[in-house]
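Notes follow the structure.
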Amino acid sequence: EVQLVESGGGLVQAGGSLRLSCAHSDFTFDDYAIGWFRQAPGKEREGVSCISSSDGSTYYADSVKGRFTISSDNAKNTVYLQMNSLKPEDTAVYYCAAEPGYYFCAGYGAIDGMDYWGKGTLVTVSS
């Protein structure tokens, strides 16, 4: 069974940093991508970042480029999202998701239709 569990959310002041973690179960598929998504109150869910297991390619939404960094620790089955220079508009529930198979993050972006999802972690940035 594929499981993903997010952690690391919380309350932070604008300009601060948080590191989100996405711990996932051992995947039986050889290639996959892990994406980070967020949904703010009253807004649609948006793809924030993505990392491909096959080639390490990454994707960042324009709204977070230069501030967020995605990384993967395969030994720990964990993908991280380091978030710096946080802004109030970053406030949202953050989800990680997994897409099995070959997925070129740098080209495809973080598409909302990934197969497996975590339950989310809340990030609140105060002004």
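Counting from 1, the numbers follow the sequence of the chain as shown. These numbers come from the heavy atoms of this one structure, side chains and all, not from hydrogens, waters or symmetry mates.
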Testing the basics here: between [X] and [Y], what is the closest heavy-atom pair and its distance to 0.1 Å?
X      : Y      : result
Ser54  : Asp31  : CB-OD1, 3.8 Å
Val123 : Gly9   : CG2-CA, 4.1 Å
Ser57  : Cys105 : OG-N, 3.3 Å
Ser127 : Pro88  : CB-CG, 3.9 Å
Cys22  : Trp36  : CB-CZ2, 3.5 Å
Ile70  : Thr58  : CG2-CG2, 3.7 Å

So do [Y] and [X] actually touch side chain to side chain, heavy atoms under 4.5 Å?
X     : Y      : value
Ser72 : Ile34  : no
Ser7  : Thr121 : no
Lys76 : Ser21  : no

With clusters defined by side-chain heavy atoms of hydrophobic residues (ILVMFWY) lying less than 4.5 Å apart, directly or transitively, does [Y] cluster with [X]?
X      : Y      : value
Leu4   : Tyr95  : no
Phe104 : Met114 : yes
Val79  : Val2   : yes
Leu122 : Phe37  : yes

Test of understanding: with side chain to side chain donor-acceptor pair (under 3.5 Å), list the residues that count as partners of Asp30, not counting sequence neighbours.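 Testing Asp30 for side chain to side chain donor-acceptor pair (under 3.5 Å), a comparison that skips the adjacent residues, returns none.
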| query | Can you name the residues that form a side chain to side chain contact (heavy atoms under 4.5 Å, CB included) with Ala23, not counting sequence neighbours? | reply |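 Side chain to side chain contact (heavy atoms under 4.5 Å, CB included) list for Ala23, sorted by chain: Thr78.
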Does any N or O in the side chain of Ser126 come within less than 3.5 Å of the main-chain N or O of Leu11, such that one atom is a donor and the other an acceptor?
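No, because the side chain of Ser126 does not come within donor-acceptor range (under 3.5 Å) of the backbone of Leu11.
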Between Glu6 and Lys119, is there a donor-acceptor pair closer than 3.5 Å when you use the side chain of the first and the backbone of the second?
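Answer holds: yes.
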For Asp73 and Ser71, which I'm curious about, is there any donor-acceptor pair between the side chains at under 3.5 Å?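 Their side chains do not contain a donor-acceptor pair, so the 3.5 Å distance test is not met.
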Quick one: ring pair (Phe, Tyr, Trp, His ring centres under 6.0 Å) pairs with a partner in residues 3-26, sequence neighbours left out?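 Non-adjacent pairs meeting ring pair (Phe, Tyr, Trp, His ring centres under 6.0 Å): His24-Phe27, His24-Tyr32.
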Scan residues 52-94 for pairs that pass ring pair (Phe, Tyr, Trp, His ring centres under 6.0 Å), counting only residues two or more places apart or in two chains.
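Listed once each, the pairs would be none.
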* Asked: Could you give the distance from CD (Gln39) to CD (Glu44), rounded to the nearest 0.5 Å?
  ->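 So the gap between those two atoms works out to 8.5 Å.
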- Message: What's the separation between atom OG1 in Thr91 and atom NZ in Lys43, rounded to the nearest 0.5 Å?
- Response: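 Interatomic distance, Thr91 OG1 to Lys43 NZ, rounded to 0.5 Å: 10.0 Å.
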Residue among Thr69, Val64, Leu20, Ile51 satisfying side-chain contact (heavy atoms from CB on, under 4.5 Å) with Leu81:
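The passing option is Leu20.
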| Residue pairs passing the side-chain hydrogen bond (donor to acceptor under 3.5 Å, both in side chains) test where at least one lies in residues 102-117, sequence neighbours excluded |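 Listed once each, the pairs are Arg45-Asp112.
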### Task
Could you note down all residue pairs passing side-chain hydrogen bond (donor to acceptor under 3.5 Å, both in side chains) where residues 81-90 supplies at least one of them, sequence neighbours left out?
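For residues 81-90: Ser17-Asn84, Arg38-Asp90, Arg67-Asp90, Gln82-Asn84.
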| said: Between Glu46 and Ser63, is the side chain to side chain contact (heavy atoms under 4.5 Å, CB included) condition met? List the steps. | reply: CA-CA 10 Å; Glu46 65 167 328; Ser63 57; 4.1 Å; yes
